[in-house]
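What follows is a short report on a single structure.
Note that ligands are numbered from 1 as they come in the structure, with each ligand's atoms numbered from 1 the same way.
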Amino acid sequence: MQRTLALQTLEKIGQEVTLQGWVDTIRDHGKLVFIELRDRSGKVQIVGDKKLGKLSSEDVIEVIGKVSQRPEQMINPDMPTGTIEVQASNSSLLNECKELPFPINTDGSQLDEELKLKYRYLDLRRERLQKTIRLRSKLIEEFRKTLFSEDFVEIETPMLTKSTKEGARDFVVPSRFNPGKFYALPQSPQQYKQLLMTAGFERYFQIARCIRDEDLRADRGFEFTQLDLEMSFTKREDVMEMVEKATKTAVLAVGGKLKDQQFPVFTYQQAMDKFGADKFDLRTEEEKSSGVLAFAWVIDFPFFKKVNREDVAEVRDGKSGWTFTHNPFSIPKDEFVQDHLDGKNVENILTTQYDLVCNGYEAGGGSIRAHDPKILAKTFEIMGYSEYEIEKSVGHMLEAFKLGTPPHGGIALGLDRLVMLLAKQTSIKEGIAFPMTSTGRTAVMDAPSPITEEQMKELGIQIRSMKQTTAKSVFEQICSYLDSEKVEYKKFEHKPVFTSEEAATIRGTSLESGAKALVCLADRKPVMIVISAANKLDIKAFKQIYGFKDVAMADIDTLFKVTGLQPGAVPPFGSLFEIPTYMDEGLSRLETINFNAGSNTQSIQIKSKDYIEVEKPDVSNFVK
Ligand code: ASP
């Protein structure tokens with residue numbers, strides 16, 4: 001059997017063909033039945049007798065028949081094969097389609113997301129999605145073509161690896177061979193691609209999957225794809241030029257329209273002055289409606305910024321209060337290298353980072369790298385890493401930089417959003433074959449899902465408490481607990497606060513009534529000690545009362561491990577984290593207490609007696 005595609009029937013008038021595909025539509029006129037058969041090339045009309053009438057929409061069929069011209073009045077000018085039809089002489093059902101969970105001959109954008117993604121393979125049959133996913137493939141093909149012609153080598157890098165700093169949390173994978181040890185999934189191939197420069201490849205690229213455990217927003221999943229590249233013996237302008245060329249070629253090849261033939265360049269300062277942001281939209285209203293892509297470069301970014309205390313990954317990286325703005329592996333601009341090495345004027349150091357923006361989005365970013373180990377080590381020192389911590393996290397890079405690493409730089413372009421813009425879609429998910437739901441569940445397959453006891457045992461893993469693994473926020477957990485105990489309480493939503501004083505002021509409550517929840521290690525075990533914000537913990541007294549040998553405040557990492565929270569957000573409910581709670585008597589005698597409940601922006605007020613009743617802390621005197 002030689003299969004003919006729907007579109008190829010045009011060249012086979014008068015011949016017998018075998019077609020295979022889906023029943024797109026079916027019109028049953030009794031004696032005569034019309035089917036539009038759909039395959040990867042398009043659609044063609046089949047005419048047959050009532051035997052065809054038994055078929056239904058989306059059945060997979062094979063039809064044998066003769067291609068003939070349609071009678072004049074039956075020609076459909078809207079269809080590429082509208083001048084012909086196939087007179088079916090034989091047909092067979094290859095796979096029957098039961099009733100569809102939703103129609104797929106519509107645009108589909110109104111449908112419930114969870115349902116659509118559960119049946120993503122049906123959703124993908126829509127014309128709009130077929131076009132978008134095929135456009136994506138073509139776009140990638142075009143990028144590859146340019147890069148191969150420029151001597152780039154396509155190289156894969158590991159998925160099971162060690163943390164790469166891209167400013168997000170890592171996804172970790174437990175190791176069966178090393179129980180208690182974990183791999184991290186790559187947030188980007190950053191370090192490996194740099195090591196490929198040490199290895200002498202000089203020009204590398206990869207269509208790379210990156211995995212970052214970031215807070216979900218409607219339009220963001222945990223995985224994304226980027227065109228990742230790196231070049232040796234290169235300057236900032238060389239990388240920008242190469243990327244601009246590859247981008248323009250690929251965009252034009254898939255039918256995209258460019259606003260500027262040469263991408264304009266703004267410094268970070270100019271962008272902030274002009275647009276108030278480092279991502280901006282250069283299109284006029286008219287250009288917006290005609291689907292034009294307006295690219296621009298932004299350069300001269302500050303290297304460092306103050307840590308945002310709300311951002312866990314930043315807090316972890318910026319132990320000194322400073323963290324990197326874009327990429328810790330970058331080199332500062334020449335004129336700032338000395339300040340960088342001296343750790344001086346940190347706030348003024350500019351980096352070689354270049355970002356590509358498009359229609360108000362960040363389309364990509366990269367930099368020239370620090371290939372001098374002193375400069376890279378200094379970056380981490382500025383962020384507050386000790387010598388030991390530097391060695392542990394980037395020691396392997398520092399070593400490679402002492403073994404003949406050429407100067408190099410690169411970039412990564414996000415492909416998902418570019419596809420969205422080129423396909424004139426409004427959601428990034430439209431250009432991804434199997435995107436996640438907004439709540440982080442996978443399409444079609446039900447993940448994340450529990451693993452078996454046996455698997456856990458093999459991996460040396462134990463689930464500590466279901467309470468902490470529920471999707472509910474700590475605030476919601478407390479509220480629903482108090483509700484279920486029928487306790488009255490008051491909620492506050494306020495600007496983020498980081499100290500007890502700020503909290504008291506913003507809530508309009510006394511400092512004394514602020515319940516400060518301190519997580520301490522008592523003989524190495526975490527405990528929660530609750531005292532008035534106006535008092536200080538008397539560690540000696542506490543040790544004496546409870547007979548502990550050693551009591552110390554937990555550091556930020558331990559606090560996070562125990563509670564999943566940042567300082568200032570911890571509520572006085574040790575029970576929530578399965579640790580014992582101790583309460584100072586002075587606080588217990590107040591009428592009401594106030595506390596931050598799981599975030600820096602949410603507080604709760606409750607009567608002390610109710611708190612004691614629900615939490616049952618051990619009450620004694622241990623403040624100064
Ligand atoms: N690794 C960076 C990122 O993924 C890009 C780069 O600097 O090459 O955003």
Side-chain angles (χ1 to χ4, degrees), residues 143 147 152 154-159 161-171 184-198 201-214 220-232 234-244 246-247 268 278-279 297-304 313-314 317 323-333 350-358 361-371 375-376 379 393-394 397 405 407-418 428:
F143 270 119
L147 294 172
F152 280 78
E154 184 168 7
I155 307 176
E156 288 143 275
T157 52
M159 291 302 283
T161 172
K162 199 175 154 154
S163 176
T164 295
K165 309 210 167 304
E166 294 287 352
R169 289 191 180 106
D170 287 318
F171 262 97
L185 298 177
Q187 291 188 31
S188 90
Q190 181 71 34
Q191 299 186 43
Y192 285 113
K193 71 171 167 176
Q194 290 192 243
L195 295 173
L196 288 169
M197 298 302 104
T198 310
F201 285 99
E202 292 197 26
R203 291 183 166 197
Y204 137 98
F205 85 94
Q206 175 177 201
I207 307 299
R209 309 302 302 281
C210 302
I211 300 164
R212 300 180 189 180
D213 189 357
E214 294 184 283
R220 191 160 72 181
F222 297 129
E223 307 183 35
F224 59 92
T225 307
Q226 60 187 25
L227 169 67
D228 192 55
L229 64 85
E230 199 74 10
M231 301 160 72
S232 291
T234 193
K235 292 261 177 290
R236 177 172 82 173
E237 285 65 29
D238 304 327
V239 183
M240 288 164 66
E241 197 182 309
M242 179 68 74
V243 171
E244 187 165 328
T247 305
Y268 171 74
D278 56 2
K279 304 185 236 315
W297 290 103
V298 184
I299 57 171
D300 293 354
F301 288 91
F303 200 131
F304 297 101
E314 278 190 18
D317 271 333
T323 187
F324 57 90
T325 59
H326 286 78
N327 191 331
F329 295 96
S330 306
I331 193 168
K333 290 188 73 188
L350 296 183
T351 171
T352 49
Q353 177 80 22
Y354 29 82
D355 270 7
L356 185 62
V357 298
C358 178
Y361 295 109
E362 184 187 319
S367 64
I368 301 301
R369 323 298 182 185
H371 72 291
I375 299 179
L376 181 61
T379 303
S393 48
V394 289
M397 299 302 284
T405 297
H408 60 281
I411 196 168
L413 298 183
L415 289 178
D416 304 317
R417 180 157 285 129
L418 189 54
I428 219 169

Side chains of Q226 and S188: do they bring a donor and an acceptor to under 3.5 Å?
no
For the pair Q190 (side chain) and F329 (backbone), establish whether a donor and an acceptor sit closer than 3.5 Å, ignoring hydrogens and angles.
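It does not hold such a pair.
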Give the atom numbers and elements of ligand 1 that come within less than 4.0 Å of a heavy atom of [X].
X    : result
I411 : 8 (O)
A412 : 5 (C), 8 (O)
R212 : 3 (C), 4 (O), 9 (O)
G366 : 6 (C), 7 (O)
Q226 : 4 (O)

Any nitrogen or oxygen of [X] lying under 3.5 Å from a nitrogen or oxygen in ligand 1? Just yes or no.
X    : value
S188 : yes
Q190 : yes
E230 : no

Which word best sums up how the rings of F152 and F205 line up, parallel for under 30°, tilted for 30 to 60°, or perpendicular for over 60°?
perpendicular
Whether Y354 and W297 hold their rings parallel, tilted or perpendicular, with breakpoints at 30° and 60°
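Judged by the thresholds at 30° and 60°, the geometry between Y354 and W297 is perpendicular.
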Students should be able to answer this: which protein heavy-atom is nearest to [atom], and at what distance?
atom                   : answer
atom 5 (C) of ligand 1 : G365 O, 3.3 Å
atom 3 (C) of ligand 1 : E166 OE1, 3.5 Å
atom 8 (O) of ligand 1 : K193 NZ, 2.6 Å

Could you go through the side chain to side chain contact (heavy atoms under 4.5 Å, CB included) check for T405 and R369 one step at a time?
CA-CA 11 Å; T405 297; R369 323 298 182 185; over 6 Å; no
Let me confirm one number: the CE-OG1 distance from M242 to T234, rounded to the nearest 0.5 Å.
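Here the rounded value is 7.5 Å.
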Any P332 side-chain heavy atom under 4.5 Å of I375 side chain
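Yes - at least one pair of side-chain heavy atoms lies under 4.5 Å apart.
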Strictly under 4.0 Å, does any heavy atom of Q194 approach an atom of ligand 1?
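The answer is no: ligand 1 sits nowhere under 4.0 Å from a heavy atom of Q194.
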May I ask whether Q353 places a heavy atom under 4.0 Å from ligand 1?
no
Which is it for [X] and ligand 1 at heavy atoms under 4.0 Å: side chain, backbone, both or neither?
X    : result
Q187 : neither
R369 : side chain
Q191 : neither

Does atom CD of E241 have more than 12 heavy-atom neighbours from other groups under 6.0 Å away?
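Not more than 12 within 6.0 Å, no.
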What verdict does the side-chain hydrogen bond (donor to acceptor under 3.5 Å, both in side chains) test give for Q206 and T157, after you've listed the backbone C-alpha separation in whole Å, the side-chain angles of each residue and the deciding distance to 0.1 Å?
CA-CA 8 Å; Q206 175 177 201; T157 52; 3.0 Å; yes
Measure across G167 and Q187 and return the closest heavy-atom pair with its distance rounded to 0.1 Å.
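Of all heavy-atom pairs spanning G167 and Q187, the closest is N-OE1, 3.8 Å.
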